[in-house]
**Q** 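Below is the structure I would like to discuss, written out as structure tokens.
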Amino acid sequence: MFKHEKMLFHPVEIERPNPQYAALLHEQLGGGNGELKAAMQYMSQSFRIKDPEIRDLFMDIAAEELSHMEMVGQTICLLNGHNVDAGKVPAGEIQTHVQLGLNPGLINASGYSWTADYVTVTGDLCADLLSNIASEQRAKVVYEYLYRQIDDKKVRETIDFLLNREEAHNAMFREAFNKVQSTGSNRDFGTTKAARMYFSLSEPSPKDADFAKKDVGPVKFQ
């Protein structure tokens, strides 16, 4: 069961309208690494999880991603201003000005519609957790790109908050993976000699690198 509390997870403000930036911000509303994708992915994955603690973690983060989606949508509304004017969006997504009456759409920065193809669900907890860790990292990168392209201090505060929450989710998923890393596909496969064979196929290799030695083991990055 879900309920909507009539308050944002974090205050959303802007210094001035900026429709062009609103178009860019759509990437985190309906893009492949956006908030809707994250919410739907984690919720969908949770249905088959048997560990009640990890299932709750997935659902809690999914619910928070929906609140992030609300924050992004509200920021887009403020940035779009009050006048429909496609001329203010010379590049990128213009649908909000010509089709949606300034309402944020479930589209990315190029105007392509959100799709369930963005969502990764395997039914294997290890694989899904690794996918989620990567998803949070990619979302963090997109927010970093967005942060660099706006000088509005209020918008930057919102993006900074969201970026830090992605890092928090990443840490929580990593902790969950540590708990189950010897289960599922990590337990059922990769147990033969072939799973412990490593090859140095880049020649010449650095002389002091572990993988340049005759007895090759897993690569270690410093």
Side-chain angles (χ1 to χ4, degrees), residues 1-12 27-75 106 108 114-144 146-147 157-192 194-196 218-222:
M1 180 179 72
F2 291 90
K3 66 177 182 179
H4 178 243
E5 295 187 11
K6 297 179 182 179
M7 59 180 293
L8 293 176
F9 196 60
H10 184 274
V12 166
E27 191 64 33
Q28 286 302 81
L29 186 68
N33 297 302
E35 303 294 356
L36 177 59
K37 171 266 176 81
M40 294 298 98
Q41 178 161 304
Y42 307 155
M43 188 180 300
S44 298
Q45 292 170 345
S46 75
F47 297 146
R48 191 171 173 81
I49 297 175
K50 296 181 175 61
D51 184 308
E53 186 177 42
I54 295 180
R55 183 174 61 248
D56 284 352
L57 173 68
F58 276 53
M59 286 297 292
D60 287 345
I61 295 179
E64 184 179 340
E65 300 290 13
L66 288 174
S67 73
H68 292 179
M69 180 182 169
E70 183 180 22
M71 289 175 60
V72 172
Q74 184 61 43
T75 304
L106 299 184
N108 67 10
W114 187 88
T115 170
D117 290 339
Y118 294 150
V119 174
T120 298
V121 182
T122 69
D124 180 87
L125 188 52
C126 284
D128 284 346
L129 278 166
L130 288 172
S131 177
N132 295 352
I133 291 168
S135 292
E136 293 293 333
Q137 196 71 23
R138 289 193 299 270
K140 183 181 176 183
V141 169
V142 175
Y143 275 128
E144 288 177 353
L146 287 166
Y147 186 91
E157 287 177 6
T158 297
I159 293 175
D160 183 65
F161 174 81
L162 293 169
L163 190 157
N164 278 278
R165 291 308 301 162
E166 304 296 351
E167 179 60 28
H169 296 167
N170 200 331
M172 289 186 278
F173 281 136
R174 291 198 302 268
E175 285 298 314
F177 181 77
N178 289 338
K179 179 179 180 180
V180 302
Q181 61 181 317
S182 298
T183 68
S185 57
N186 277 11
R187 177 198 63 200
D188 298 333
F189 301 98
T191 57
T192 68
R196 295 182 292 275
V219 176
K220 296 180 181 178
F221 296 98
Q222 301 299 325

**Q** Is it the case that the side chains of His169 and Glu64 hold a donor-acceptor pair, with the cut-off being a distance below 3.5 Å and no angle test?
**A**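 There is such a pair between these side chains.
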
**Q** Counting C-beta onward and ignoring hydrogens, is there a side-chain heavy-atom pair between Glu53 and Lys179 closer than 4.5 Å?
**A**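 Yes; the side chains approach each other to less than 4.5 Å.
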
**Q** Can you tell me how far the CZ atom of Arg55 sits from the CZ atom of Phe47, to the nearest 0.5 Å?
**A**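 Here the interatomic distance stands at 11.0 Å.
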
**Q** One pair to check against side chain to side chain contact (heavy atoms under 4.5 Å, CB included): Asn33 and Glu166. What are the steps and the verdict?
**A** CA-CA 11 Å; Asn33 297 302; Glu166 304 296 351; over 6 Å; no

**Q** Would Phe58 and Asp51 count as a side chain to side chain contact (heavy atoms under 4.5 Å, CB included) here? Give the steps.
**A** CA-CA 11 Å; Phe58 276 53; Asp51 184 308; over 6 Å; no

**Q** Could you tell me whether Lys37 and Glu65 make a salt bridge, using a distance below 4.0 angstrom between a side-chain N and a carboxylate O?
**A**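 Salt bridge between Lys37 and Glu65, a charged N being under 4.0 Å from a carboxylate O: no.
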
**Q** Counting C-beta onward and ignoring hydrogens, is there a side-chain heavy-atom pair between Leu106 and Met69 closer than 4.5 Å?
**A**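 Yes, at least one pair of side-chain atoms sits under 4.5 Å.
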
**Q** Mind checking whether Lys140 and Asn170 have side chains closer than 4.5 Å, heavy atoms only?
**A**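 Counting from C-beta outward, Lys140 and Asn170 never come under 4.5 Å.
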
**Q** At what distance, to the nearest 0.5 angstrom, does OG of Ser46 lie from CD1 of Ile54?
**A**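 Going from OG on Ser46 over to CD1 on Ile54, the span is 12.0 Å.
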
**Q** Yes or no on ring-ring contact (aromatic ring centres under 6.0 Å, His included) for Tyr42 and Phe173, after CA distance, side-chain angles and deciding distance?
**A** CA-CA 11 Å; Tyr42 307 155; Phe173 281 136; 4.9 Å; yes

**Q** Check the pair Leu8 / Glu70 against side chain to side chain contact (heavy atoms under 4.5 Å, CB included), numbers first and verdict last.
**A** CA-CA 7 Å; Leu8 293 176; Glu70 183 180 22; 3.6 Å; yes

**Q** Say you draw a straight line from CG of Asp160 to NE2 of His10; how long is it, rounded to the nearest 0.5 Å?
**A**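 Here the interatomic distance stands at 8.5 Å.
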
**Q** For the residue pair Gly30 and Trp114, what are the closest heavy atoms and their distance?
**A**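 Heavy atoms of Gly30 and Trp114 come nearest at O-CD1, 3.5 Å.
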
**Q** Show your working on side chain to side chain donor-acceptor pair (under 3.5 Å) between Arg174 and Asn178 and close with a plain yes or no.
**A** CA-CA 6 Å; Arg174 291 198 302 268; Asn178 289 338; over 6 Å; no

**Q** Working to the nearest 0.5 Å, report the span between NE2 of His68 and CD1 of Ile61.
**A**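 Answer for the NE2-CD1 pair, His68 versus Ile61, is 10.0 Å.
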
**Q** Evaluate the criterion side chain to side chain contact (heavy atoms under 4.5 Å, CB included) for residue pair Phe177 and Met172; output intermediate values, then yes/no.
**A** CA-CA 9 Å; Phe177 181 77; Met172 289 186 278; over 6 Å; no

**Q** Sequence neighbours excluded and cut-off under 3.5 Å, please list the side-chain donor-acceptor pairs for residues 116-123, or say none.
**A**
from, atom 1, to, atom 2, distance (Å)
Thr122, OG1, Asp124, N, 3.0
Thr122, OG1, Asp124, O, 3.3
Thr122, OG1, Asp128, OD1, 2.9

**Q** Are side-chain heavy atoms of Leu162 and Val72 found at a separation under 4.5 Å?
**A**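 With C-beta onward as the side chain, the pair touches.
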
**Q** Taking atom CG of Leu129 and atom CD of Glu175, what is their separation to the nearest 0.5 Å?
**A**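 One gets 11.5 Å once the value is rounded to the nearest 0.5 Å.
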
**Q** Indicate the atoms forming the closest heavy-atom contact of Val180 with Cys126, along with that distance.
**A**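 Scanning both residues, the minimum pair turns out to be O-SG, 3.2 Å.
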
**Q** Working to the nearest 0.5 Å, report the span between OG of Ser131 and CD of Gln41.
**A**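 Between atom OG of Ser131 and atom CD of Gln41 there are 4.5 Å.
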
**Q** I want to check something: taking the side chain as every heavy atom from C-beta on, are Leu36 and Met40 in contact at a cut-off of under 4.5 Å?
**A**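 Yes, side chains in contact.
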
**Q** Quick one: closest heavy-atom pair of Ala176 and Leu57, and the distance?
**A**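 Closest approach of Ala176 to Leu57: CB-CD2, 3.9 Å.
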
**Q** Could you tell me whether Tyr143 and Phe161 have their ring centroids closer than 6.0 angstrom?
**A**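 Here the rings of Phe161 and Tyr143 have centres that are no less than 6.0 Å from each other.
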
